[in-house]
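Remarks on the structure that follows.
Whatever order the structure lists them in is the order used to number ligands and atoms, beginning at 1. These numbers come from a predicted model, not from an experiment.
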Amino acid sequence: MRLSLRKVVRLATFLVLLLILNVWISYNVNFYSFDDRGKVLQTWRREGDHGQTDEARLLKFERSVDDIDGSSGTRPIRSTKQVNADNERDSSARSQQFVNETGEKELVAPVKGSDLLLTTTSRRGGSNPKQGGTGPKSQKNLQIRVHKDSDKTELKDIFISVKTTSKYHGPRVKLLLKTWYLLAREQVYFFTDGNDTEIAEILGDHLINTNCSTDHSRRALSCKMAVEFDYYMASRKRWFCHVDDDVYLNVPRLVDMLQGYNHREDWYLGKPSLKHPLEVADRETPGMKLTFWFATGGAGFCISRSLALKMAPYAGGGRFMTTAETIRLPDDCTLGYIVEHLLKHKLTVVEEFHSHLEALWLIKPHQLDKQITLSFSEYSGKQNVINVQGFSETEDPTRFRSLHCFLFPNFRECRVLS
Ligand code: UDP
Ligand code: MN
């Protein structure tokens with residue numbers, strides 16, 4: 001067969017076109033097959049690797065990603081070329097950069113199908129070559145951290161203090177230990193005024209003997225609050241939440257509520273028991289009055305770390321008692337005085353906190369699960385308790401056990417009700 005020059009040229013052109021098509025497919029098909037993890041990789045490479053290729057490190061990284069979502073070894077490892085192809089095509093990285101609490105810049109990218117995050121960190125003014133650093137050394141700072149959305153408050157971020165007294169260990173503390181305490185064992189600390197080996201066996205170092213006096217006096221209550229505040233400061237948690245020992249705390253609702261506030265901002269969350277601000281004589285300006293709102297301790301309240309740090313000069317290191325003495329008011333009023341009067345910051349009212357100074361029986365049963373705190377009391381023979389089905393009044397006069405089973409029916413002691 002004789003080939004004319006024209007046929008040879010046509011064949012060569014066809015082969016060249018075929019080659020171009022092949023190259024095009026190899027890049028574009030890869031791009032469309034990328035999943036979210038590809039985006040994590042390309043983000044990592046762009047931000048942390050400065051476009052260099054390093055197959056070994058990439059493979060290590062890929063395996064770590066697989067380990068995180070438990071699919072190790074089941075997925076073929078993508079080539080470096082594919083990562084670069086994606087890098088060129090998609091500049092819309094879904095990762096974010098922010099500076100974390102230790103002053104490191106964190107690059108955060110979501111991992112497909114989970115709330116795990118991968119982060120790469122680089123110190124501020126570190127080894128970015130553009131900043132005159134040593135370039136590749138920055139890779140030493142690359143690390144993979146697995147954590148929930150780092151800014152979302154979780155139960156572990158909350159310090160919960162319960163004020164109690166020796167005479168209530170039996171009737172009140174034991175009830176709490178059987179109910180809501182079980183949902184927050186690590187977070188709850190009981191502040192009391194005497195030793196109790198039986199309760200200490202359950203609580204260990206979460207039972208604190210403040211050595212404050214055992215009465216209901218203004219001084220005794222402030223003494224306990226002073227200790228609570230110092231323990232909170234030492235805990236370094238995001239939130240300080242206080243309740244009395246006659247309060248049922250709906251732990252998941254508390255966490256939900258706090259997720260709506262930034263602990264790095266100043267927050268004083270609670271509910272006043274009065275319909276008007278408290279008015280007291282201003283000792284610094286005789287004849288003048290000062291007014292402020294306060295969150296009643298019997299309903300519970302929460303204070304953000306940012307605000308607590310500002311309160312420390314008036315409340316930390318035992319100074320809470322001195323401040324309480326200057327205005328001669330109980331502990332919860334003193335807190336309002338520090339926050340609203342001295343720091344000029346307002347109380348934020350959270351309606352879902354309830355003390356027994358409210359008519360608790362008026363809360364509708366279908367609304368109970370939305371409440372953060374509930375309480376009980378008895379005034380001149382009349383019970384002020386919530387209206388909830390469950391155990392009999394003799395078995396459960398405070399209604400706390402019934403409420404606990406209403407909210408969390410899977411607890412063992414609730415099985416008798418179903
Ligand atoms: N309390 C205390 N010492 C006492 C009486 C009460 O520390 O002698 C605590 C009690 O444990 C509770 C808070 O103070 O956490 C409020 O007490 P109670 O509910 O008896 O009185 P309320 O002020 O609510 O009427
Ligand atoms: Mn009370």
Practice problem: Using a strict 4.0 Å threshold on nitrogen-to-oxygen distance, state whether R401 and D396 make a salt bridge. | Solution: no
Exercise. Classify the ring geometry between H404 and F411 as parallel (under 30°), tilted (30 to 60°) or perpendicular (over 60°).
Key: tilted
Practice problem: Check each of D245, D244, L357, T192 against atom 10 (C) of ligand 1 and report the one with the nearest heavy atom. | Solution: D245
Self-check item: Among H216, H242, M225, closest by any non-hydrogen atom to atom 17 (O) of ligand 1
Solution: H216
Practice problem: Examine D215 against ligand 1 and note whether any of their N/O atoms are separated by less than 3.5 Å. | Solution: yes
Self-check item: Residue pairs, two or more places apart or on separate chains, that pass ring pair (Phe, Tyr, Trp, His ring centres under 6.0 Å) and touch residues 196-230
Solution: Y189-H206
Practice problem: Have a look at T296, D331, D246, V243 and point out the one with the heavy atom closest to atom 19 (O) of ligand 1. | Solution: D246
Quiz item: For ligand 1, which atoms, with element, lie under 4.0 Å from some heavy atom of T214?
Solution: 3 (N), 4 (C), 8 (O)
Self-check item: T334 versus D331, side-chain donor and acceptor atoms under 3.5 Å
Solution: no
Exercise. Could you list the atoms of ligand 1 found under 4.0 angstrom from a heavy atom of H356?
Key: 24 (O), 25 (O)
Self-check item: Among D246, N384, D244, T296, the one residue meeting side chain to side chain donor-acceptor pair (under 3.5 Å) with H356
Solution: D246
Self-check item: Distance-only polar pair, side chains of H169 and T192, donor-acceptor under 3.5 Å
Solution: yes
Quiz item: What pair of heavy atoms forms the shortest contact from F353 to A299, and how long is it?
Solution: CD2-O, 3.1 Å
Exercise. Taking 2.8 Å as the upper limit, name the protein N, O or S atoms near the Mn ion (ligand 2).
Key: D246 OD2, H356 NE2
Quiz item: Measuring from the heavy atoms of L221, does anything fall under 4.0 Å of ligand 1?
Solution: yes
Quiz item: Among T164, T398, D245, whose side chain to side chain donor-acceptor pair (under 3.5 Å) with R172 holds?
Solution: D245
Practice problem: Please test F301 against H242 for ring-ring contact (aromatic ring centres under 6.0 Å, His included), starting from the C-alpha separation and ending with a verdict. | Solution: CA-CA 6 Å; F301 56 79; H242 159 100; 5.1 Å; yes
